[in-house]
Novice: 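Next up is a structure, given as structure tokens.
Position 1 is the first residue of the sequence, and the numbers go up from there.
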Amino acid sequence: TMPGDAAMHRHVVKLAVPIILANISVPLLGAVDTAIIGHLDAPYHLAGLAIATTVFASLYWGFGFLRMGTTGFAAQSLGAEDDAALRASFARAAFLGLAMGAAVVLLQTPIALLAFSVLEGSADALAAGEAYFEIRIWGAPAALLNFAVIGWLIGIQRTGDALIIQIVMNALNAALNVLFVVEFGMGVEGVALGTVIAEYTAIAVGLVLVRRRFKQLGARVDRQSLLEATGLARLLSVNGDIFVRTLFLTLAFAMITREGGRLGDVVLAANGILLNLNLFVAFGLDGFAQAAEALVGRNYGARQRAALRQAVRISSIWALITAAAFSLTYLIAGSAIVGLYTDIEAVRQATQTYLIWVIIAPLTAVWCFQLDGIFIGAQHTRDMRNMMVIAFAAFAAALYVFLPIWGNHGLWAAMIVFYVVRGITLALRYPAIERAATR
């Protein structure tokens, strides 16, 4: 039976809010780390931390497919009421996460050589960054296994459990960082060690929560289903599609950063603030996109077209409300918010000049975020990959045309083109999901 609209509205909000809170806890931890290291005697500590955290953000963002792919498989198995497939969806993703985490540890020397040759910084900053990297890299198996755990919990609609894991990890991390850096005077190495301990603690908590859900399902994983060829091939195919899609997304933002850097320090600083404001939009919209992943996946697995359509409609209404709230907030209070970031007059002036783009962005970005969630839930990942390639080509062309004419305005206009083309191309492919979801 399909729930009424009022019940579905409540359910969507209940799924999305823990995801949004978990997302926001990440930059809060970054702020704590920055504040602790920022009070050390020399600026190179902070520069080193910034370099190293960029390396890990890029590295782990590349493995984001583990989270997304697992959510889709778990949600569809839940909808199909196939307990064996539901357990196997976790076991395969966990196996893949651990294997990839171990590979990252084994390949740490070439990864470090590549990463630190690309990034710029003083000799002291790079040395501090490398010291952080050498400790933090040992957390990779826990970090990647955690993607599988959180993806699976979101897929079975236990977003509150995912929030618990994130809160344990970030609160413990912040506390250990204060202890190691402020009390024991360990510098960036202390921050890295605190992070690794927090990652392994979080995965212990995550596995306990998964085991509790397994007990409710009343069964074990058999090794045969774990390594069954078609299941593994499907997992690798879906994850491969998501990886390629994420690669093009990363490339687009790297081009924005690079081209912005050529426009001078003031514009670069202004863009940094604006991209940060954009990040909060992403956290809000992500909550409803991930709720859509879980709900669409379940209804797609159950082959319930009407319920799938209802889940898409209601989660999208909430995403649109959230996007409008961000646009309105930035329109009314944008100048005041910018003032919180900087008191350098030139940077404030530049940020004001380009603020209009961050006001427009949420209402153009909401569609591609939401459709991404719908396509991940339905596991139509090939379409996601192909539409991303088209959108990236449109973005690169827009950048090439607009940047010489409009400068930084052209840069932001190209980003809006990227959002819009992603949204339109995915929307054109959406009817295929509804057709496939019919018995």
Novice: So do the side chains of F326 and L277 get within less than 4.5 Å of each other, counting heavy atoms only?
Specialist: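 With C-beta onward as the side chain, the pair stays apart.
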Novice: Can you confirm whether or not the ring centre of F56 sits under 6.0 Å from the ring centre of F133?
Specialist: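 Centroid separation for F56 and F133: below 6.0 Å.
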Novice: Is the NZ or CZ atom of R422 both under 6.0 Å from the centre of the six-membered ring of F418 and within 45° of that ring's axis?
Specialist: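 Checked: cation-pi criterion met.
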Novice: Find the distance between CZ (F369) and OG1 (T364) and round it off to the nearest 0.5 Å.
Specialist: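 Interatomic distance, F369 CZ to T364 OG1, rounded to 0.5 Å: 10.0 Å.
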Novice: Indicate every side-chain donor-acceptor pair of residues 306-315 with a distance under 3.5 Å to a residue at least two apart or in another chain.
Specialist:
| residue | atom | partner | partner atom | Å |
| --- | --- | --- | --- | --- |
| R309 | NE | E434 | OE1 | 3.2 |
| R309 | NE | E434 | OE2 | 3.0 |
| R309 | NH2 | E434 | OE1 | 2.6 |
| Q310 | NE2 | P3 | O | 2.7 |
| Q310 | NE2 | D5 | OD1 | 3.0 |
| R313 | NH1 | D5 | OD2 | 3.1 |
| R313 | NH2 | D5 | OD1 | 3.1 |
| R313 | NH2 | D5 | OD2 | 3.1 |
| S315 | OG | A311 | O | 2.7 |
| S315 | OG | V312 | O | 3.3 |
| S315 | OG | Q370 | NE2 | 3.0 |

Novice: Output the distance between atom CG (L145) and atom CG (L98), rounded to the nearest 0.5 Å.
Specialist: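 Spacing of CG (L145) from CG (L98) equals 4.5 Å.
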Novice: Once you round to the nearest 0.5 Å, how far does CD1 of I242 lie from OG1 of T70?
Specialist: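 Between I242 CD1 and T70 OG1, I get 8.5 Å after rounding to 0.5 Å.
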Novice: Any side-chain heavy atom of I165 within less than 4.5 Å of one from N146?
Specialist: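 I165 vs N146: side chains touch.
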Novice: Can you give me the closest heavy-atom contact between L268 and G260, atom names plus distance?
Specialist: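 Taking L268 first and G260 second, the nearest heavy atoms are CD1-C, 4.0 Å.
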Novice: Would you confirm whether S89, through its side chain, and L86, through its main-chain N or O, come within 3.5 Å as a donor-acceptor pair?
Specialist: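 Side chain of S89 to backbone of L86, a donor-acceptor pair under 3.5 Å: yes, one is there.
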Novice: Donor-acceptor check, side chain of E293 to backbone of G155, threshold 3.5 angstrom: yes or no?
Specialist: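 Flag not set: sc E293 to bb G155 has no pair under 3.5 Å.
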Novice: On the six-membered ring of F375, is R429 placed so that its NZ or CZ lies under 6.0 angstrom from the centre and within 45° of the ring axis?
Specialist: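 Not satisfied by the 6.0 Å and 45° rule.
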Novice: Whether R303 engages the ring of Y300 as a cation-pi pair (distance to the six-membered ring centre under 6.0 angstrom, angle to the ring normal within 45°) should be assessed.
Specialist: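 Geometry flag: set, cation within 6.0 Å and 45°.
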Novice: Say you draw a straight line from OG1 of T53 to CG of L49; how long is it, rounded to the nearest 0.5 Å?
Specialist: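 Between T53 OG1 and L49 CG, I get 5.0 Å after rounding to 0.5 Å.
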Novice: Give a yes or no answer on whether the side chain of R87 reaches the backbone of D83 with a donor-acceptor pair at less than 3.5 Å.
Specialist: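 The answer is yes, because a donor-acceptor pair under 3.5 Å joins these two groups.
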Novice: Would you confirm whether the ring centroid of W152 sits within less than 6.0 angstrom of the ring centroid of F214?
Specialist: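 Between W152 and F214, which both carry aromatic rings, the centre distance is below 6.0 Å.
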Novice: When you measure from the side chain of E189 to the backbone N and O of I135, does any donor-acceptor pair fall under 3.5 Å?
Specialist: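 A pair under 3.5 Å: no.
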Novice: Mind checking the OG1-CE spacing from T381 to M388? Nearest 0.5 Å is all I need.
Specialist: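 It comes to 13.0 Å.
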Novice: Angle between ring planes, F395 versus F392, binned at 30° and 60°: parallel, tilted or perpendicular?
Specialist: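 Rings of F395 and F392: tilted, as their planes differ by 30° to 60°.
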Novice: Give, for atom CG of L179 and atom CG of L193, the distance between the pair rounded to the nearest 0.5 Å.
Specialist: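 Atom-to-atom, L179:CG and L193:CG are 10.0 Å apart.
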